[in-house]
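Encoded as structure tokens, the structure appears first; notes follow it.
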Amino acid sequence: QVQLVESGGGSVQAGGSLRLSCAVSGSPSSIYYVAWFRQAPGREREGVAAIGSDGSTSYSDSVKGRFTISQDNAKNTLYLQMNSLKPEDTAMYYCAIAPSWVRRLLAAYEYGYWGQGTQVTVSS
């Protein structure tokens, strides 16, 4: 069974930084893309960043220049470095896996495996 476990969330002041981690286990047969999504109460789940097996990346406009997605294949771990955090970044953050090629890298429906999420709270 494929499992994704997020960690690294917490509370931080505006302008601060956090690094989220996502540990993948269960040996998925293939991973074309891994991504980070976030969702705040009453809001639609939003694609934040994605990275493909070829190293290509995609970011939402709201986080470009502030967030960086990366992966350590040897450790089966995905990261999201978040800098210059804003209160608007407050949300539950999820990592996800797409087992095949996808057309829209930041569309939630393209991803088949999800973690349980880690909470990020940014205060003014």
Side-chain angles (χ1 to χ4, degrees):
Q1 181 67 42
V2 175
Q3 290 190 333
L4 293 78
V5 180
E6 301 95 338
S7 62
S11 298
V12 65
Q13 291 183 318
S17 299
L18 285 173
R19 189 180 76 160
L20 306 183
S21 299
C22 174
V24 180
S25 63
S27 300
S29 58
S30 63
I31 301 176
Y32 276 74
Y33 299 96
V34 287
W36 289 97
F37 293 81
R38 65 186 182 187
Q39 188 168 28
R43 300 182 65 179
E44 183 179 352
R45 185 165 296 190
E46 174 190 17
V48 175
I51 185 167
S53 58
D54 63 353
S56 61
T57 58
S58 182
Y59 295 92
S60 69
D61 290 339
S62 63
V63 307
K64 284 182 179 177
R66 299 189 297 121
F67 292 9
T68 303
I69 188 170
S70 62
Q71 58 187 341
D72 186 335
N73 291 326
K75 297 181 178 180
N76 294 322
T77 302
L78 176 72
Y79 302 99
L80 183 67
Q81 179 66 48
M82 305 185 295
N83 298 326
S84 302
L85 283 163
K86 305 175 181 180
E88 304 92 279
D89 296 318
T90 295
M92 185 73 74
Y93 283 71
Y94 303 88
C95 60
I97 291 175
S100 61
W101 184 88
V102 303
R103 184 171 182 175
R104 301 178 63 185
L105 275 65
L106 298 180
Y109 63 79
E110 298 276 20
Y111 290 79
Y113 302 98
W114 295 84
Q116 293 299 307
T118 185
Q119 179 67 41
V120 172
T121 302
V122 184
S123 60
S124 300

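In what follows, every heavy atom counts, from backbone to side chain, and hydrogens, waters and symmetry copies are set aside. Residues take their numbers from the sequence shown, with the count starting at 1.
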- Query: Roughly how far, to the nearest 0.5 Å, is CD of E6 from SG of C22?
  - Reply: 5.0 Å

- Where is the tightest heavy-atom contact between Y33 and G52, given as atom of each residue plus distance? CD2-CA, 3.5 Å

- Looking only at non-hydrogen atoms, find the nearest pair between L78 and C95 and report the distance. CD2-CB, 4.1 Å

- Query: Of the non-hydrogen atoms in L4 and I97, which two are nearest, and what is the gap between them?
  - Reply: CD2-CG1, 3.8 Å

- Are a donor atom and an acceptor atom from the side chains of N83 and S17 found within less than 3.5 Å of each other? yes

- Item | CG on L18 to CZ on F67, rounded to 0.5 Å | 9.0 Å

- Item | Side chain to side chain, V102 and Y32, heavy atoms closer than 4.5 Å | no

- Message: When you measure from the side chain of T90 to the backbone of V122, do you find a donor-acceptor pair of N or O atoms at a distance under 3.5 Å?
- Response: yes

- Salt-bridge contact D61-K64 (side-chain N to carboxylate O under 4.0 Å): yes

- Taking only Lys NZ, Arg NE, NH1 and NH2, and the carboxylate oxygens of Asp or Glu, determine whether E46 and R38 approach each other closer than 4.0 Å. yes

- Item | Exam field: side chain T77 to backbone K75, donor-acceptor pair closer than 3.5 Å | yes

- Value rounded to 0.5 Å, distance of CD in Q39 from CE in M92: 9.5 Å

- Task: Taking all heavy atoms of S124 and all of A14, pick out the closest pair and write down the distance.
- Result: CA-CB, 4.3 Å

- Give the intermediate values and the outcome of ring-ring contact (aromatic ring centres under 6.0 Å, His included) for residues F37 and Y111. CA-CA 10 Å; F37 293 81; Y111 290 79; 5.2 Å; yes

- Task: Say whether, by atom type as modelled, one donor and one acceptor occur between the side chain of Y59 and the main chain of I69 under 3.5 angstrom.
- Result: yes

- Message: Measuring from atom CD of Q119 to atom OG of S11, what distance do you get when rounded to the nearest 0.5 angstrom?
- Response: 8.0 Å

- Kindly confirm or rule out a cation-pi arrangement of R45 over Y94, judged by NZ or CZ under 6.0 Å from the six-membered ring centre and within 45° of its axis? yes

- Task: Could you tell me which non-hydrogen atom of G9 sits nearest to which non-hydrogen atom of T118, and how far apart they are?
- Result: N-OG1, 3.2 Å

- Query: If you measure from OH on Y93 to CE on M82, what distance do you get to the nearest 0.5 Å?
  - Reply: 5.5 Å

- Query: Donor-acceptor pair, Q116 side chain versus V5 backbone, under 3.5 Å?
  - Reply: no

- Is any side-chain heavy atom of I51 less than 4.5 Å from a side-chain heavy atom of L105? no

- Looking at L85 and R66, what are the two nearest heavy atoms and their distance? CA-NH1, 3.9 Å

- Verdict with supporting geometry, N76 and S25, side chain to side chain contact (heavy atoms under 4.5 Å, CB included): CA-CA 7 Å; N76 294 322; S25 63; over 6 Å; no

- Message: Is the shortest side-chain heavy-atom distance between V34 and Q71 below 4.5 Å?
- Response: yes

- Got a second to check how far L80's CG is from W36's CH2, nearest 0.5 Å? 6.0 Å

